[in-house]
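Written out below as structure tokens is the structure these notes cover.
The chains referred to below are lettered A, B, ... by the order of the sequence lines, with proteins before strands, and numbering in each begins at 1.
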Amino acid sequence: MIEPVRWWSNAEIADIMDRIGDLVEVSEKEGPFQVRAYHRAADNIRHLEEDIVRVWQDDRLENIPGVGKAIAKKIDELMRTGHLRFLENLEQEVPSGVLDMLSIPGVGSKKARLFWQSLGITGVEELKKAAEEGKLRTLPGMGKKSEQRILEGIAALQSIPDRIPLGIARPLALGMLDALREALPDVILKSELAGSARRWRETVGDLDLLVAATDPMPIMDAFSNLHQVKEVLLKGETKTSVRLQNGLQVDLRVLPLERWGTALQYFTGSKAHNVALRGLALDMGWSLSEYALKRTDTGEERLCTTEEEVYELLGLPWIPPELREDRGEIQAAQEKRLPRLVEVSDLRGQLHGHSDWSDGRATLEEMAEAARSRGYEYFLISDHSVGLGMTNGLDAGRLREQRKLIDSLNRRWSDFRILAGIEVEVKADGSLGLPDEALAELDVVVAAVHTGLNQDRKTLTHRAIAALRNPNVDILAHPTGRLLGKRKGGDFDMEAILQEAAHLGKIVEVNSQPSRLDLNDVNVRRAMEIGVRISISSDAHRPSDLDNIVYGVATARRGWAEPENVVNTWPLRRLLEWIKRK
DNA sequence: GCCGTTTTCGGCCCGACTGTTTTCAGTCG
């Protein structure tokens, strides 16, 4: 098999395509459709379920949606030579600082080019200086106000956060909606979270709130005055945008109730899903906007009060927001083979939880009662094993002690059971933190890599696979070890690990901690395709953590997981039989 | 640059808000 001169990640190739898109736009080498083609290819590559190196090795690049001959050839050059002449030529022509200006709010390709070509500005600092000296206002289409906005944009650049975890953004958004409803109970007819937060993306770049009302301005005023709001960015009759104290941008749209369906559909996105849906609508003679479906020939308007009506008019069943990423869901809907996605209510048990025997904050009894009170039939206690320094991990002796407590607690209930388990450490050489004899006595063994995540790809992958091959190991926890916003996760060969799990019938975890969500949606989708069973686990360290399960379920849903694929939807007996027979 | 049971050429989603404009371009989502 042909090897690339270096291992390109999907994200790196995607970044290069985005960069080419920006460069050809600013240089005006190509028109808007070519620009969009590069960004579309970038998006699809970034969310590819397989490693692009493998796709390249199999000569399947052109099977990637949005990748044709020209882009495939560029990727091929990167794989074979490690660089791309086309990109280098563009970079010769456009100074890199010109692209940096694009990240300033209010500066797009046209303005960036204008500043560069007419004033020779090639960076954010130079632009700031020119604005302060009043040079920008002399340019065509610019004025005093635009100049001021650019200065504000540059100042904001530092305080604008990258995408923030859904676990922070979603409660924030729901709180703002509650506050609006409370302030204006008679004016607000309907309200909902839209955008990527409604699609349960793992991180969000901004928040979209949607409200139905006949009189928008009181709502816009109340919204602008919420205590979380730091500044109002723009304010109109249908749309108001604000920036919060924490830097997050929130957009509020107000629309009449009779247009709720098209509006909610539109503002939920994703952009790619909407573009595809609009294309489909056009084929059927409809122009779709947030306000209505409109016949392109007669101009007749069809209003939709629900999303279901929108999809129905286009001949489709309603598509759950988690699937709306233009990753095959529209075609699946057309062919009536949308998955029946797993729901929180499908879950019968919690697999993977901690107590104060290791680093948890509650007793085993409290954790068990918390799980039971939430309607679960079983709870796997899987405290850390020795080998992970700071967590007061269990050795074989303490594990036996804990087992006695579990047995005595289990005599208390007829409708609930604590499963004895461990989150056993996978050491740097792939061996486990506890001897096989100790593991063999447990109901369920969860294995996890916590340390040495910066080892090379081969070593890391070997560790995970060695753990899976231990006959006592049942579940591989948070497989990549990433922490959103803090740590990228190890350079594991996930394809090889998932294939091994499928082969051995081992279970791979979807960890529900908002900072983990590991496996992520893309990896879950791949796991589904090759028949890997997953567990959705809260990894709770205190009772309230059990409620994080909604994020894991959402991640599994975004990966098209059905209840059958999720082992903790199964009755306990089936789960234990599955684990025993492998 | 990509894509095709209407097309291998000619299309490619739609609208709000702002600022600089007397009718529109740029940016954003």
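Under a cutoff of 6.0 Å and an axis angle of 45°, A/Arg302 and A/Trp286 do not form a cation-pi pair. A cation-pi arrangement is absent between A/Arg327 and A/Trp560 under the rule of less than 6.0 angstrom and at most 45 degrees off the ring axis. Relative to the ring axis of A/Trp200, A/Arg198 does not place its NZ or CZ within 45° and under 6.0 Å from the centre.
The CG-P distance, from A/Leu90 to B/dG1, rounds to 11 Å in whole Å. A/Asp251 has its CG atom 7 Å from the P atom of B/dG29, to the nearest Å. In this entry the distance linking CE of A/Met284 with P of B/dC13 reads 17 Å, nearest Å. A/Arg163 has its CZ atom 13 Å from the C1' atom of B/dG29, to the nearest Å. Between the CG atom of A/Leu282 and the C1' atom of B/dC3 there is a distance of 15 Å, rounded to whole Å. In this structure, the CG atom of A/Leu209 is 15 Å from the P atom of B/dG29, given to the nearest Å. Following rounding to the nearest Å, A/Gln265 (CD) and B/dC13 (P) show an atom-to-atom distance of 15 Å. Look at CD on A/Glu30: it is 11 Å from P on B/dC2, rounded to the nearest Å.
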Protein-nucleotides 22-26 of chain B N/O pairs under 3.5 Å:
none

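The stretch residues 289-304 of chain A comes close to DNA chain B through A/Ser289, A/Glu290, A/Tyr291, each having a heavy atom under 4.0 Å from the strand. Scanning residues 130-151 of chain A for heavy-atom distances under 4.0 Å to DNA chain B yields A/Gly141, A/Met142, A/Gly143, A/Lys144, A/Lys145, A/Ser146, A/Arg149. Contact check of residues 53-77 of chain A against DNA chain B (heavy atom, cut-off under 4.0 Å) returns A/Pro65, A/Gly66, A/Val67, A/Gly68, A/Lys69, A/Ala70, A/Ile71, A/Lys74.
A donor-acceptor pair under 3.5 Å links the side-chain atoms of A/Asn520 to the main chain of A/Asn523, judged by distance alone. Checked by atom type and distance alone, the side chain of A/Asn10 pairs as donor or acceptor with a backbone atom of A/Glu50 at under 3.5 Å.
Comparing the same atom, C1', in B/dT23 and in B/dT18 gives a spacing of 15 Å after rounding to whole Å. Distance noted for atom C1' between B/dC9 and B/dG26: 30 Å (whole Å). For the C1' atoms, the distance from B/dT8 to B/dC13 is 24 Å, rounded to whole Å. Nucleotides B/dA16 and B/dG11, compared at atom C1', are 26 Å apart to the nearest Å. Distance check on atom C1': B/dT5 versus B/dG1 gives 24 Å, rounded to whole Å. Distance check on atom C1': B/dA25 versus B/dT20 gives 9 Å, rounded to whole Å. Only the C1' atoms considered, B/dC17 is 25 Å distant from B/dC12, to the nearest whole Å.
In this entry B/dC12 has B/dG1 as its Watson-Crick or G-U wobble partner, both defining distances falling under 3.5 Å.
At the heavy-atom level, A/Leu288 lies under 4.0 Å from the strands shown only through sugar-phosphate atoms. Within the nucleic acid shown, A/Ile20 has no heavy atom closer than 4.0 Å to any nucleic acid atom.
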| said: Please evaluate residues A/Val5 and A/Thr81 with respect to the criterion side chain to side chain contact (heavy atoms under 4.5 Å, CB included), reporting the C-alpha separation (whole Å), side-chain torsions for both, the decisive distance (0.1 Å), and the verdict. | reply: CA-CA 6 Å; A/Val5 296; A/Thr81 70; 5.7 Å; no
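In summary, of the residues considered (A/Glu329, A/Glu202, A/Glu322, A/Glu325), a salt bridge (Lys or Arg N to Asp or Glu O under 4.0 Å) with A/Arg558 occurs for A/Glu325 alone. Here the options are A/Val98, A/Leu90, A/Asp22, the test is side-chain contact (heavy atoms from CB on, under 4.5 Å), and the partner is A/Ser27; only A/Leu90 passes.
Between A/Asp206 and A/Thr240, it is A/Thr240 whose nearest contact on DNA chain B lies nearer the 5' terminus. Between A/Tyr38 and A/Val107, the one whose closest nucleotide on DNA chain B sits nearer the 5' end is A/Tyr38.
Side-chain atoms of A/Leu293 and A/Leu314, non-hydrogen and from C-beta on, do get closer than 4.5 Å to each other. Counting heavy atoms from C-beta on, the side chains of A/Met176 and A/Leu252 never come closer than 4.5 Å. Looking at A/Arg80 and A/Trp56, their side chains come closer than 4.5 Å, going by heavy atoms from C-beta outward.
Put simply, A/Arg36 has a side-chain N or O that comes within less than 4.0 Å of OP1 or OP2 on B/dC13. Contact check, A/Ser287 against B/dC14: a side-chain N or O comes under 4.0 Å of OP1 or OP2.
A/Thr306 and A/Glu309 share a side-chain donor-acceptor pair at under 3.5 Å. Looking at A/Arg163 and A/Thr203, their side chains do bring a donor and an acceptor atom within 3.5 Å of each other.
Across all their heavy atoms, A/Pro216 and A/Thr214 have their closest contact at CD-O, 3.5 Å.
A/Phe33 does not qualify as a stacking partner of the B/dC2 base, lacking a centre-to-centre distance under 5.5 Å together with planes within 30°.
Residue A/Thr238 has its side chain nearest to B/dA16 when only B/dA16, B/dG1, B/dG29 are considered. Taking only side-chain atoms of A/Lys271, from C-beta outward, the nucleotide of B/dG1, B/dC13, B/dA16 with the closest atom is B/dC13.
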With a 3.5 Å cut-off and sequence neighbours excluded, list the donor-acceptor pairs that the side chains of residues 127-144 of chain A form with protein atoms.
from: A/Glu133; atom 1: OE1; to: A/Lys135; atom 2: NZ; distance (Å): 3.0
from: A/Arg137; atom 1: NE; to: A/Glu147; atom 2: OE1; distance (Å): 2.9
from: A/Arg137; atom 1: NH2; to: A/Glu147; atom 2: OE1; distance (Å): 2.8
from: A/Thr138; atom 1: OG1; to: A/Lys135; atom 2: O; distance (Å): 2.7

Extract all donor-acceptor atom pairs below 3.5 Å that involve side chains of residues 64-74 of chain A and protein atoms in other chains or at least two apart in sequence.
none

